[in-house]
Amino acid sequence: MVKPSRGVQDLRDLDLVFAALAHQTRRTILLVLHTRGGVMTSGEIASRFDCAWPTTSRHLGVLQEAGLLAVELRGRERVYRLEKDRLHAVAGSWLERFH
């Protein structure tokens with residue numbers, strides 16, 4: 001399999017990140033994580049929202065797939081960590097073009 005060029009990969013990254021940011025709940029999850037120090041358990045995140053757990057889980061999965069969250073298993077609990085560097089690298093570099 002041929003590795004995509006840097007430009008093609010950058011476009012894929014942009015699509016993933018901006019698709020993840022397109023939903024208000026996912027943006028709110030990122031903000032909550034940021035204000036709470038960047039690390040929270042899945043239960044702590046879910047308790048902040050009125051939606052059912054499967055919906056929250058799907059949102060977390062989209063954010064993880066976009067590289068905006070990393071997840072670590074600690075016993076039976078999933079701990080999510082905000083990947084600010086990824087957010088800045090992808091979204092920030094795109095927005096920087098408009099300065």
Side-chain angles (χ1 to χ4, degrees):
M1 182 172 199
V2 177
K3 184 177 178 181
S5 69
R6 176 75 179 154
V8 169
Q9 187 58 50
D10 287 349
L11 290 173
R12 288 180 184 167
D13 289 343
L14 275 171
D15 287 345
L16 279 172
V17 168
F18 279 97
L21 295 174
H23 197 284
Q24 178 190 7
T25 299
R26 293 192 286 266
R27 291 190 308 272
T28 303
I29 289 170
L30 294 178
L31 286 171
V32 167
L33 270 161
H34 176 67
T35 59
R36 298 278 313 253
V39 178
M40 293 175 72
T41 66
S42 55
E44 291 170 329
I45 295 168
S47 71
R48 299 282 185 157
F49 300 94
D50 292 332
C51 52
W53 169 246
T55 302
T56 302
S57 181
R58 280 192 299 276
H59 286 310
L60 292 170
V62 169
L63 291 166
Q64 186 180 357
E65 182 180 336
L68 300 176
L69 294 181
V71 64
E72 176 187 338
L73 285 174
R74 291 186 190 160
R76 294 179 5 164
E77 189 77 71
R78 290 179 181 265
V79 179
Y80 288 89
R81 184 182 71 249
L82 177 61
E83 294 291 338
K84 289 191 294 187
D85 290 343
R86 167 81 170 164
L87 182 59
H88 286 285
V90 176
S93 68
W94 186 81
L95 290 170
E96 190 63 32
R97 296 174 186 176
F98 295 91
H99 273 131

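Nothing here was measured: the structure is a model prediction, and the numbers come from that model.
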Which atoms form the tightest heavy-atom contact between Ala46 and Thr56, and what is the distance?
CA-CG2, 4.1 Å

State, to 0.1 Å, how close Leu63 and Ala20 come at their nearest heavy-atom pair, and which atoms those are.
CD2-CB, 4.0 Å

Say you draw a straight line from [atom1] of [X] to [atom2] of [Y]; how long is it, rounded to the nearest 0.5 Å?
| X | Y | atom1 | atom2 | value |
| --- | --- | --- | --- | --- |
| Leu21 | Leu68 | CG | CG | 6.0 Å |
| His59 | Gln64 | NE2 | CD | 15.0 Å |
| Thr25 | Leu30 | OG1 | CG | 11.0 Å |

Using a 4.5 Å side-chain heavy-atom cut-off and chaining through intermediate ILVMFWY residues, the residues clustered with Val79 come out as Val39

Please lay out, stage by stage, how Arg78 and Leu73 fare under the test side chain to side chain contact (heavy atoms under 4.5 Å, CB included).
CA-CA 5 Å; Arg78 290 179 181 265; Leu73 285 174; 3.5 Å; yes

Starting from Leu87, can I reach Leu31 by hopping between I/L/V/M/F/W/Y residues whose side chains sit under 4.5 Å apart?
no

Do Leu69 and Val71 sit in one hydrophobic cluster, given that two such residues count as connected whenever their side-chain heavy atoms are within less than 4.5 Å of each other, even indirectly?
yes

Would Leu60 and Tyr80 satisfy side chain to side chain contact (heavy atoms under 4.5 Å, CB included), going step by step from the backbone distance to the final call?
CA-CA 9 Å; Leu60 292 170; Tyr80 288 89; 3.7 Å; yes

Among Leu33, Ile29, Leu82, exactly one meets side-chain contact (heavy atoms from CB on, under 4.5 Å) together with Met40. Which residue is that?
Leu33

Qualifying salt bridge (Lys or Arg N to Asp or Glu O under 4.0 Å) pairs with a residue from residues 60-77, counting only residues at least two apart or across chains
Glu72-Arg74

Using side-chain heavy atoms (C-beta onward) and a distance below 4.5 Å, is [X] in contact with [Y]?
| X | Y | value |
| --- | --- | --- |
| Val32 | Ile45 | no |
| Arg86 | Asp13 | yes |
| Arg26 | Val62 | yes |
| Arg36 | Arg48 | yes |

Does Ser57 reach the main-chain N or O of Trp53 with its side chain, forming a donor-acceptor pair under 3.5 Å?
no

Would you say the side-chain atoms of Thr28 pair up with the backbone N or O of Gln24, donor to acceptor, closer than 3.5 Å?
yes

Donor-acceptor contacts, no H, no angles, side chain residues 92-99, under 3.5 Å, sequence neighbours left out:
from  : atom 1 : to    : atom 2 : distance (Å)
Ser93 : OG     : Ala89 : O      : 2.6
Ser93 : OG     : Val90 : O      : 3.2
Glu96 : OE1    : His99 : ND1    : 3.4
Glu96 : OE2    : His99 : ND1    : 3.3

